[in-house]
Amino acid sequence: MCTGMPTTYAADLARLRAGTTTHEALVETFLGRIEAENERLNALLSVCAEDARAQARALDALQAAGSLNLDTMPLAGMVVAVKDNLSSEGHALTCGSRMLADFRALYTATAVQRLVEAGAIVIGKANCDEFAMGSSNETSYFGPARNPHDPERVPGGSSGGSAAAVAAGFCHAALGSDTGGSIRQPAAFCGVVGLKPTYGRVSRFGLVAFASSFDCVGPLAHTVEELAWMLEAMAGADANDMTSAYEPVPPYAVDLNKGVGGLRIGLPREYFADGLDPVVRDRVEDEAARLEALGAILVDVSLPTTDLGIATYYVLTTAEASSNLARFDGVRYGHRAALAPGASLDDQYLASRTEGFGAEVKRRILLGTYVLSAGYYDAYYEQAQRVRTLIRRDFEAVFEQCDVLLTPATPTAPFRLGSNVDDPLAMYLSDVYTVSANLAGVPGLVLPTRHRLPEDHEAAGLPVGVQLLGRWFDEATLLRVGRALEG
Ligand code: GLN
C-alpha cells in the first residue's frame, strides 16, 4: 500500500490563498514523497526537482510582491507530472523507449506550455508503455510502473505512470495521452479521474505521434473540478497543430454543479455483455442507479458496431504508427547502433531500429506496414476506414436518443504484472470499452465508482472505473455528470 497521502489541488490552493503554505513548501512535500516511493512504484522516469523549485520560488516571490492573483491565475501552484511522450523543453523525452533513452525535448508541447502559463509546476516525466503502445505499462523499456493500491498489479497503460503518480500523491495532477484508452484505463485501474477530450480539442503539438488521427492529450487528477480547470487552460486552437479545433472553449467549471435532472443517460447494451466481470458490472450499474435517483433518465441504447472496434483500431493505428515511427532510424532521430566501419546505410537503419525498439512496437510496425502494402491495402486499411465511418455514425445516432453514455471503463479489475504479457490479444481486449471513442473522436471521462472491489473478489480493495462518453465538443456535460457522481 502507498504511504503518500494524496492532497487535492483545491485543498492546497485554499492553503496557498490563506497563506498557510507556500508554493515551495508544496513542491518539497511532493519531492519528499517521490523520494520515498518512486523507486518502488517507478511512476516517474525523471524528476525535474530544480526547475520545479525555481518555478515555485518565482510564484512565491510574485505572491509576496502582491502581483500573483490566485483568483485569476487558474492553476497557480498545481504540481503536475507529464507523460514522457509529451515535450517539455530541455527535459528527457524517452517515450518509454530505448530509442529515445538519451533524447531531450527541443521545445515544449502546447498543452504543457498552457498549463505552465496558468501557473502549474512540472515536477517530472511519467513512465508509459513504449511509444504509448500498451495497456499495462509493461512495454516500457524502463520497467513497468506499479499500481499504488497493489504494487503486484499493473497501473494500466499506456499512461500508467501518470495515473500511478496522481494516485501515489507524487503530484496534484498529470497529463497523459489517449489513442485507444490510455488515459481512461489507467485512471480506472488507479482510482483517479481522467479525461480524453474530443479529438482536436487540445493541441497535439509536442506530443510524439503514435496514431495521429486518434491521439488526444488530456488530464488526470483527483477531482472532476480539477479536470475542468486543466481542460479550460489547455483547450483551444493552436497554429502549430492543423487538427486543433477552433470551437470556442467554455468555462468548464462554471456549470459543474448544475446536476443531472432531466439528462438522458444511455446504457449501450453491447458494453454490458460477455467478458465483463460481474462485479465490475454491478458497480457500474450502481452508478447508473445513482444518476437515476438524482433525476436523470436512463435509456437502453445500442451501438451495434462495438464488436468491430478492436479490429478496426488495430488496423488503423498500426498503419499510422508504421508511418509515424519511420523517423526513428538512428540518423534523423533516435538510438544509433554502433557498427563496424564500412557498414551500409541499410545495415545502420536495420541495426538501430532492431536495438532501439521493443517487441510490441516492432509487432505494430510490421502489422501496420502489412495492412498498407499493395494487395492488402484495400482489404484491410481501406475497409477499416469504412468501418470507422460506421462506428462514428453509430455514435451520431445514439446521441439523438441520449445526452451521455454510461459504460464500464474496463472489462476487468487491474490485473497482475506479467499475467497478460504473452498474450497480445488478451492485452488488446482490455481496451474493448475505450477504443470506440477514439475511432469516433468523442470525449470520454473515467472516474472511480463509489465502492471498491469486495473482500471475496480476487482483486479485493482495488478501484473500479465507470466511463461517461459524450457528444463531440461537449466535455461540459460529461464533467457535470461526473461531478454529480462524485458528490
Ligand atoms: N492500449 C491501447 C494500445 O495499446 C491504447 C494505447 C493508447 O491509448 N495510447 O494501443
Side-chain angles (χ1 to χ4, degrees), residues 82-86 95-97 126-140 144-145 154-163 174-190 194-199 202 204 207-220 309-322 324-325 357-368 371 384 388 409-412 414-415 420-421 423-446 465 467 469:
V82 173
K83 186 176 181 178
D84 212 11
N85 63 352
L86 277 158
C95 296
S97 181
N127 202 351
C128 58
D129 281 295
E130 187 176 5
F131 286 101
M133 297 175 186
S135 308
S136 64
N137 219 136
E138 292 168 293
T139 73
S140 170
V154 303
S158 63
S159 314
S162 300
L175 283 186
S177 66
D178 191 313
T179 305
S182 278
I183 290 174
R184 291 164 288 156
Q185 186 252 23
F189 278 7
C190 292
L195 176 71
K196 178 203 104 66
T198 309
Y199 180 79
V202 175
R204 291 182 294 113
L207 169 70
V208 177
F210 161 10
S212 310
S213 76
F214 292 74
D215 298 341
C216 294
V217 177
L220 298 100
I310 291 283
T312 310
Y313 172 85
Y314 278 95
V315 170
L316 295 177
T317 57
T318 57
E320 293 189 27
S322 70
N324 276 327
L325 271 55
F357 288 135
E360 181 62 27
V361 172
K362 285 177 188 154
R363 178 181 297 127
R364 298 202 192 193
I365 292 173
L366 289 174
L367 196 58
V371 301
R388 186 177 194 180
T410 61
T412 66
F415 41 89
N420 275 340
V421 280
D423 186 349
L425 194 58
M427 193 69 96
Y428 295 172
L429 283 172
S430 81
D431 304 314
V432 62
Y433 302 135
T434 49
V435 293
S436 294
N438 302 75
L439 284 154
V442 297
L445 169 66
V446 161
Q467 175 176 240
L469 300 174

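Counting starts at 1 for both ligands and their atoms, in listed order.
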Side chain [X], main chain [Y], donor-acceptor under 3.5 Å:
| X | Y | result |
| --- | --- | --- |
| Q185 | G157 | yes |
| N324 | F210 | yes |
| D215 | D178 | no |
| S159 | K83 | no |
| K196 | I183 | no |

ask   = So is R388 actually on top of F214's ring, under 6.0 Å and inside 45° of the axis?
value =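 Positive - R388 is close enough to the ring of F214 and near enough to its axis.
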Discussion item. Using a 4.0 Å cut-off on heavy atoms, what residues surround ligand 1? Order them by chain and number.
Written reply: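 The answer is A132, M133, G134, S135, S158, D178, T179, G180, G181, S182, F210, Y313, Y314, R364, D431, counting any residue whose heavy atom sits under 4.0 Å from ligand 1.
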